[in-house]
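Here's the structure we're looking at; comments come further down.
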Amino acid sequence: MEIILLLIFLPVVGAAIVGLLGKLELAKTVAFIWSLFSLGLTAYLLSEFDPGAGTQFTVDYPWFLSMGSRFNVGIDGISMILVLLTNGLIPLIILASFNHEYKNPGAFYGLILFMQTGLLLVFTALDAFLFYVGWEAALIPIYFICAIWGGPNRIKVNIKFFIYTVAGSLIMLVGMIYMAQQTADKTYDLQSFYQASLSAGAQSWVFLAFFLAFAIKMPVFPFHTWQPDTYTEAPTTGTMLLSGIMLKMGIYGAIRWLIPVAPLGFAHWGPTVLVLSIIGIVYASIIAFTQKDVKRLVAYSSIGHVGLIAAGIFVWNLNGLQGAMIQMISHGVNVVGMFFILDIIIRRLDTRDTDKMGGIAKSAPTFAIGFLIVLLGTVALPLTNGFIGEFLLLMGVYNYNIYAAAIAGLTIIFGAVYMLRMYQRVMLGDANEATLAFRDINANEKVVLFIICGLVILIGIYPNPILNISEPAAKSLIDLVNGKIGNVSSF
Amino acid sequence: MNLFYLVAFLSIFFSLLVIFSKNPVHSVLYLIVTFFTFTIHYILLNAQFLAIVNFIVYMGAIMVLFLFVLMLLNLNKDTEPMKSNLIKIAGVVAGLCLLVTLVGSLRAVDTSAPIVLKNPGIGLVKNLGKVLFNEFLLPFEVSSILLFSAMVGAVLLAKKDPK
Amino acid sequence: MESVIQSIQGVPLNHYILFSAIIFTIGVIGVLIRRNAIVIFMSVELMLNAVNLLLTAFSAYRGDASGQVFVFFIMALAAAEVAVGLAIIVMIYRNTNSTDINVLNRLKW
Amino acid sequence: MSALITISLLAILVLYLGLFKAKQALLPVTLIGLLAALGLAVSQWDTFAEPIYSGMMLFDKYAVAFSAITIISTLLIFLLSKDYFERISENVAEYYAVILFALAGIIVMVSFHNLTMLFIGIEIMSVSLYILAGIKKKDFASNEAALKYFLMGAFSTGFLLFGVALLYGATGSFDLEAIRSYIIQNPQQVSPIFYAGILLMIIGLSFKVGAAPFHFWAPDVYEGSPALVTAFMSTVVKTAGFAAFLRLFMVCFSPVQSFWIPIFVTFAALSLLVGNVTAVYQQHFKRMLAYSSISHVGYMLFAMISLNSESDSSVFVYAAAYSVASIIAFAVLIVLQRQVGNDSFDSFNGISKKNPFLAFTLTIAMLSLAGIPLTAGFIGKLMMFSRALAGYHIYLTVFAVLNALVGIFYYFRVIIAMYFRPAERNELVVSPLFKFVLAVSAIATVILGIYPDLITRLI
Amino acid sequence: MFTHLVWLIPLLPLIGFLINGLGRNVLPKSAVGFIGSVMVLLSFIVSIGIFTELNDSAVKSVVYPLFDWIQVGDLKISFSFQVDPLSSLMLLIVTGIGFLIHVYSIGYMHHDSGFAKFFAYLNLFVFFMLLLVLGSNYVVMFIGWEGVGLCSYLLIGFWYSNPSYASAAKKAFVMNRIGDLGFLIGIFLIFSMFKSLEFSTVFSQAANLAPNNNIIVLITILLFIGATGKSAQIPLFTWLPDAMAGPTPVSALIHAATMVTAGIYMIARSNILFTLAPFTLNIISIIGIATALLAATIAITQTDIKKVLAYSTVSQLGYMFLGLGVGAYTGAFFHVITHAFFKALLFLGAGSVIHAVSNEQDMRSMGGLRSKLKITYATMLIGTIAISGIPPFAGFFSKDEILAHAYEHNKLLWVLGVVGAMFTAFYMFRMLFLTFSGKFRGTKEQEEHLHESPGSMTFPLIVLAILSIVGGFIGVPEVLHGNHWLARFLEPVFYASSTKVHETAVLDHNTEYVLMAVSVIGAVMAAIIAYVRYSKNGHVPVPDTADRGALANLSYNKYYIDELYDFVIAKPLNLLSGFFYRIVDKTLIDGIVNGFGKVASEASKGLRLLQTGNIGFYIFMMIAGIVALLAYGFLNI
């Protein structure tokens with residue numbers, strides 16, 4: 001038994017078990033313990049992992065040979081980061097959902113675990129077709145999670161989200177099929193994709209086809225409009241999954257499947273995409289200024305943050321890429337923390353409107369501290385995790401163009417503005433009747449918040465272990481692309 | 001040779017009567033006449049057996065069946081609600097378009113050799129039978145399924161349910 | 001018989017094709033402009049006969065019997081269709097007292 | 001061949017059973033007979049098959065594979081038929097027989113090697129279907145469906161025959177091999193009659209499979225016919241139609257594909273558009289399925305636009321995926337019609353709560369029809385897109401993607417209704433046979449979706 | 001020996017923060033106060049040790065690495081500390097004054113329910129400030145830089161229930177952040193130019209560069225932008241007066257003595273870069289003097305005792321920047337030190353006053369406190385004299401040094417500087433007299449409540465008063481027969497710069513005497529005017545409702561700069577936000593997205609009508625299709 005197979009398929013087995021538990025409350029505990037198994041396995045994998053040794057734990061089985069696709073998975077530094085993120089966040093998210101009484105928990109947690117397998121497939125696939133299968137396999141469960149357990153407007157919002165996302169991925173699929181037909185050995189193998197020699201024009205199209213899928217998933221301006229609605233309407237657990245892990249699929253895809261596959265397309269479209277990303281940062285941040293719905297506010301802020309990550313990737317240098325890697329983890333932790341916090345508030349006050357909040361810090365001081373720490377991570381204060389990522393990302397963007405960095409850097413200011421404004425409206429100021437009765441967090445919430453805050457600070461203080469995991473892989477990818485683009489100086 | 005054109009003219013004339021006469025019974029009768037002209041064509045083409053079969057099966061059996069049904073359903077009046085003239089004209093125009101494009105895409109209208117009967121005997125029962133029961137034995141057998149199915153179906157549909 | 005054969009000699013094949021096409025088209029027009037299901041059906045028979053004639057002409061032209069054999073099968077089909085088709089029409093007439101196809105347009109959109 | 005004989009004899013046996021009022025034996029006998037036919041068909045698996053009966057039939061892998069899939073689909077549909085015909089009429093045995101006759105015709109269609117056989121096969125099937133569409137004699141909708149199908153079918157047969165006649169005129173033979181060699185020997189001066197023949201054949205066959213713009217009969221007939229018959233029409237019949245279509249064009253006309261490929265591109269695009277877009281607005285499940293079946297024809301036509309050795313397996317996979325998924329859909333439809341009396345989308349509300357199994361299997365079916373990964377439908381779509389892209393029909397593919405999105409929208413309406421909408425409803429009872437069919441189809445859908453190589457490399 | 005304990009200096013306050021933070025609900029107040037103060041005291045002791053060691057040692061700069069923090073490619077940022085004269089002095093100020101203020105807070109905050117939280121924040125602040133000071137590269141400095149911003153935010157918003165206090169906190173943080181962005185991009189530029197962010201590497205490379213390098217100019221401008229945010233210079237100064245919302249010890253520690261001088265510290269540290277960019281230096285001096293004057297004119301009419309001090313701080317910071325701008329790095333830093341003494345003193349004194357009059361801050365309701373608050377009065381008097389630049393108090397020496405350099409540089413700057421100094425003297429004495437002389441103008445209850453502050457509060461006052469008196473003697477210029485110890489001590493830091501500056505003719509002693517005399521006389525005159533107006537004539541500023549006259553009104557309302565910013569930046573951004581959200585996002589982009597769906601469903605409505613149900617129509621359509629197909633064939637055969 002190859003360990004990577006265990007890693008990938010363990011959750012789906014768990015999903016089956018949890019699913020069978022049906023309406024029993026036991027399901028959530030089982031799901032949590034099961035996700036801890038995955039986490040343990042990841043830890044073991046991490047201990048065996050050698051960052052400098054390229055793709056490891058590879059497994060290559062014949063699968064869909066008639067189309068030229070094999071079951072080919074493996075983990076390199078970049079994948080490792082995302083596997084770590086996935087398997088680290090899912091137990092946390094499950095734990096965070098413990099205060100909810102979701103009806104039919106077996107189905108709920110089963111879907112989460114099912115989604116985990118899809119995500120892991122995406123992050124480990126070395127075959128385009130497999131990647132696509134994982135991509136969609138992660139989408140279906142989250143669609144159901146959001147649409148079954150979501151808010152009152154969930155049906156309309158989620159079908160839009162689903163179709164929008166699938167629109168992107170189908171176009172990507174077309175691109176993949178096209179690529180596969182252009183490869184020397186007519187396969188979907190990642191390396192074959194890398195080695196395929198397409199004309200610059202063809203690469204442009206392939207780039208656009210792939211980019212659309214990733215742009216919608218991330219989302220990059222102007223493909224983002226599904227996101228605030230979906231985040232708002234989804235159950236908080238779903239929002240955490242979407243924002244914490246799911247959107248990293250798009251970022252990961254851009255790193256592994258977009259730029260190296262179509263380097264000349266990237267050379268052609270890269271600047272445009274960069275501009276879009278930067279517009280997204282400013283645009284989403286400005287929108288976040290006046291949002292009164294807290295979830296929507298964080299949704300827009302997430303667009304802004306992801307815009308920065310995207311910008312860091314599309315400048316395609318080591319700082320940007322490494323920044324993106326660590327920021328993916330940081331953003332995952334922070335946004336999950338943020339939504340967890342909002343969930344606590346929303347659950348107690350039964351509103352998402354900041355006008356009906358205020359003064360919570362007085363009734364719930366412990367909670368206020370946790371909130372503040374996560375918030376500081378989000379606004380990238382030094383010694384929190386957000387800073388490392390934003391610093392490296394901005395540096396990466398700066399290496400490309402100083403003006404771009406200056407505009408992208410506005411996120412530092414704007415982020416502080418809307419986050420502090422939200423904090424002030426929610427936590428500070430005068431309390432009203434509802435917020436006076438606000439209970440401080442209970443033991444379970446404390447544990448979750450403590451873990452999140454711990455991660456926020458820990459990564460902020462000592463990010464090097466994470467950076468070391470992905471650096472060799474990032475370097476070799478950059479070399480690969482730059483070698484193909486040829487004249488690097490123009491880019 | 002001229003006989004062909006004469007008969008062809010008659011065929012066309014009567015078939016037009018078929019579709020334009022208001023009374024369905026008249027239509028059937030004209031159709032029978034048309035089929036008769038077809039029988040003449042078959043004879044002209046030296047397909048004697050076909051001519052006979054056409055005469056017996058089509059004119060004799062099928063058309064009588066039509067007539068029978070028309071009478072049965074009391075449709076022997078010229079009260080059939082015709083379509084509006086507009087639709088008629090549209091139908092005719094569409095049909096003519098079809099003819100033009102069909103003939104056009106055949107493009108064979110003015111460039112082909114006259115028919116020369118290479119093998120005058122093929123239309124005889126003896127010869128046809130040989131072909132039918134050698135090469136075309138399987139379709140012949142299989143068409144029995146077709147007829148059987150139709151038979152069962154016709155009974156099934158036309159029969160009055162006791163309920 | 002000889003004179004008959006003589007008389008056919010010399011008619012170009014394409015005139016047969018043209019003739020069949022005309023008859024076929026008349027059948028199509030009949031289908032288009034009539035409302036009575038039985039008459040429509042008769043027009044379809046006209047179309048089939050046009051095909052029969054064409055096949056026979058080709059058969060004669062090529063001196064190959066298989067075309068004429070095929071006509072048998074078409075006739076068999078015609079017989080089968082007539083049986084089923086008329087049964088359907090009768091069945092409908094029982095329900096609607098009409099054979100007008102315009103009466104039957106409940107299934108739409 | 002023995003499968004064909006078995007099925008024909010089975011039909012007659014069934015008629016006799018009906019004669020002797022052995023109604024209880026009907027279904028088991030039919031099932032056993034079909035299983036036997038299936039076994040016989042599969043036992044003919046032969047890589048080096050030769051045409052038999054003076055070149056009339058060719059039981060190659062293609063024919064066997066399609067025979068098998070049609071027989072299996074028919075089997076599943078028969079499993080759903082328990083008590084179904086009894087409610088309509090007393091003459092149950094005859095219905096069974098007619099379906100079996102149709103199946104016999106279908107076997108002929110998928111294994112023909114001569115236009116005569118093609119023609120007879122199609123007509124056996126069609127005539128049987130005219131009958132089946134009208135078996136609810138007192139039901140206006142059924143009557144109307146029968147008449148519409150019959151009149152238009154007979155009309156289109158005219159074109160098909162005209163086409164056959166022209167092909168014969170050009171080549172002097174009905175044999176596929178002879179026709180092909182005619183083109184290959186006269187690559188430069190292929191007669192215009194031949195091209196016209198191809199066009200007319202396209203018209204006739206497009207009508208049979210329900211491709212736009214010859215699809216108009218399909219929604220009405222599908223809606224009007226009894227659900228079980230519709231299931232048969234939209235799965236087995238469609239598969240067979242396509243098998244015949246593809247076989248004819250692959251064997252005979254592939255040398256002149258530059259002539260007819262644009263036609264199929266247009267047809268595919270039109271079918272996608274009409275099928276998907278019109279389905280969006282439908283309020284009834286059955287009619288929605290009818291339109292969606294038109295759109296699936298559009299996808300399957302993709303296989304025709306760049307013919308090569310993979311086209312046949314593409315169609316095979318697609319047809320298989322589409323058939324199993326449709327059978328689930330129709331099974332649920334029958335359950336609903338029987339127990340709710342209505343197949344509007346509202347009647348799906350909240351099924352997941354009362355009958356999770358039903359909801360789950362139908363969800364798999366809908367996902368498969370929508371082409372979502374891990375279901376067979378996705379594999380089918382993937383192969384079709386592959387075909388289109390292999391021919392560099394990029395715009396068509398993108399257009400298909402857009403249509404697929406529309407498709408997702410209406411397929412998901414069902415899922416949404418079942419899972420996300422509340423409803424006061426009684427328990428839906430699903431009989432064991434139905435459960436069996438649903439489970440088998442769902443499992444097949446998922447297995448084919450996860451490990452497609454099981455069937456993609458058959459042919 | 002002490003140098004190797006440098007890591008203890010920030011660690012101790014951090015420990016204090018953790019203990020107080022985690023044990024805030026458990027520990028008794030006495031323990032909290034003790035821990036908080038002692039931790040800073042211990043740091044202070046270590047700092048003294050380091051300072052003395054450094055003073056004796058020949059090695060003037062030691063880098064003490066802790067661990068590698070961020071490492072990506074050739075970017076290696078280590079978490080390391082640097083001890084040199086500049087940082088050691090700053091350490092003394094931060095820990096020393098920090099300790100005094102901690103002690104003071106024990107008394108001042110005694111009744112507050114957030115006592116432990118307060119001390120935790122204070123300790124955290126000290127920790128970050130020490131990081132800022134000790135960092136051996138720009139990024140570690142940036143950690144402290146932002147960290148102190150955070151603590152400032154937390155402490156300004158300490159009484160967060162008051163919405164306006166919370167707003168003030170947010171404003172401070174955001175304005176700091178604007179500067180921080182400049183700083184950050186400056187850091188990127190530095191790295192791309194020098195391939196390192198370590199001070200030692202950067203400065204040694206820079207020392208070899210020619211002046212007026214464009215990139216250096218850009219770097220320095222960006223760093224200066226950072227400094228304007230932190231040190232409250234035009235245009236980012238408006239947060240500092242609002243920051244007075246925080247408890248008074250905070251104002252003393254953060255918004256007077258330490259954090260706000262971080263900008264000066266940073267520029268002084270990077271002096272070599274700035275010396276290479278005369279253009280930037282000119283900008284700095286202009287901004288500095290402009291800020292000094294602007295703030296001074298505002299301070300004149302303020303009635304809130306802490307607001308006066310706040311604007312005074314802004315104004316004094318302006319002087320420091322003026323000093324930096326004219327190349328008087330030592331002078332500027334000298335002023336940092338002396339300002340720390342007397343401004344902390346003044347704030348703490350003001351705190352003592354506020355404490356006495358039951359949290360009243362409006363001077364119009366004070367007066368006549370001299371008799372009740374003797375120690376406070378005496379110490380504040382000393383502070384006022386010191387800030388007014390009257391010899392031999394501390395402020396005189398440092399301010400004089402700056403003004404002398406300004407004169408050297410540009411006469412106009414000197415003139416403006418002296419005018420500013422006169423304003424300073426005027427408003428400081430105005431404050432003093434309004435508070436302490438005349439009769440008490442508050443309510444009866446307040447009057448009964450009046451009392452001198454407890455020992456924990458007066459002790460720091462006294463210490464600071466002494467420092468304000470003698471602090472100036474560390475830098476007695478040569479012209480006054482001193483040897484300017486400070487300049488010699490700091491020489492290693494500014495050595496490279498001094499070699500770059502083309503020293504023009506040093507002022508002769510006579511000129512210097514004249515300059516000194518002018519400024520001292522100006523200050524004294526201003527003080528006298530204040531005495532006459534406010535003490536002798538007992539003038540009291542008019543209430544808010546009354547008419548003031550245009551100029552006074554302008555000054556009283558801070559030149560409407562807040563309103564201007566609101567109108568020019570905040571309002572448009574909010575409008576833009578609404579516009580983006582409602583018009584661009586919801587209507588335009590989402591409209592297009594939804595449009596696809598609409599098109600599909602509308603098309604569906606239309607297309608389905610083709611399915612008329614009429615066989616005739618169907619056949620007609622089929623024929624149409626067939627004709628089209630045949631036509632295609634006709635054309636293509």
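In what follows, every heavy atom counts, from backbone to side chain, and hydrogens, waters and symmetry copies are set aside. Convention: sequence-line order gives letters A, B, ...; per-chain numbering from 1.
Distance CD1/Ile101(C) to CG/Leu151(D): 7.0 Å, rounded to 0.5 Å. Note that CD of Glu223(D) and CZ of Arg106(C) are 12.5 Å apart. Values are rounded to the nearest 0.5 Å. Going from atom CD1 of Ile88(C) over to atom CD1 of Ile131(D) covers 7.5 Å, rounded to the nearest 0.5 Å. The line from CZ of Phe174(D) to CG of Leu55(C) is 5.0 Å long, rounded to the nearest 0.5 Å. Note that the CD1 atom of Ile74(C) and the CG atom of Leu161(D) stand 4.5 Å from one another [nearest 0.5 Å]. Annotation: the span from Asn143(D) atom CG to Leu107(C) atom CG amounts to 10.0 Å, rounded to 0.5 Å.
In this structure the side chain of Tyr130(D) reaches within 4.5 angstrom of the side chain of Glu81(C), judged on heavy atoms. Between Ser59(C) and Tyr168(D), some side-chain heavy-atom pair lies under the 4.5 Å cut-off.
No other option in Thr96(C), Val44(C), Ile89(C) has as many heavy-atom pairs under 4.5 Å with chain D as Val44(C). Note: Gly169(D) leads Gly169(D), Ala170(D), Ser126(D), Gly134(D) in heavy-atom pairs under 4.5 Å with chain C. Contact count versus chain C (heavy atoms, under 4.5 Å) is highest, among Ile120(D), Val127(D), Thr116(D), for Thr116(D). Note on Val103(C), Val69(C), Leu54(C): by heavy-atom pairs under 4.5 Å with chain D, the leading option is Leu54(C). Taking Val84(C), Leu77(C), Val28(C) one by one and counting their heavy-atom pairs under 4.5 Å with chain D, the maximum is reached by Leu77(C).
The main-chain N or O of Lys138(D) is never found under 3.5 Å from a side-chain atom of Arg94(C) such that the two would form a donor-acceptor pair. Remark: side-chain polar atoms of Asn95(C) are paired, donor with acceptor, to backbone N or O of Lys137(D) under 3.5 angstrom.
No part of Ile124(D) comes within reach of chain C, as not one of its non-hydrogen atoms sits under 4.5 angstrom from that chain. For Ser156(D), no part sits under 4.5 Å from any heavy atom of chain C, backbone or side chain. For Ala133(D), no part lies under 4.5 angstrom from a heavy atom of chain C. In this structure, the portions of Leu147(D) lying under 4.5 Å from any heavy atom of chain C include both its backbone and its side chain.
Smallest separation of non-hydrogen atoms from Ser20(C) and Phe162(D): O-CE1, 4.3 Å. Contact detail for Gly172(D) and Asp64(C): the closest heavy-atom pair is O-OD2, 3.3 Å.
The aromatic rings of Phe24(C) and Phe159(D) lie perpendicular to each other, with more than 60° between the two planes, well past the 30° mark.
Ring centroid separation for the pair Phe73(C) and Phe119(D) does not come in under the 6.0 Å cut-off.
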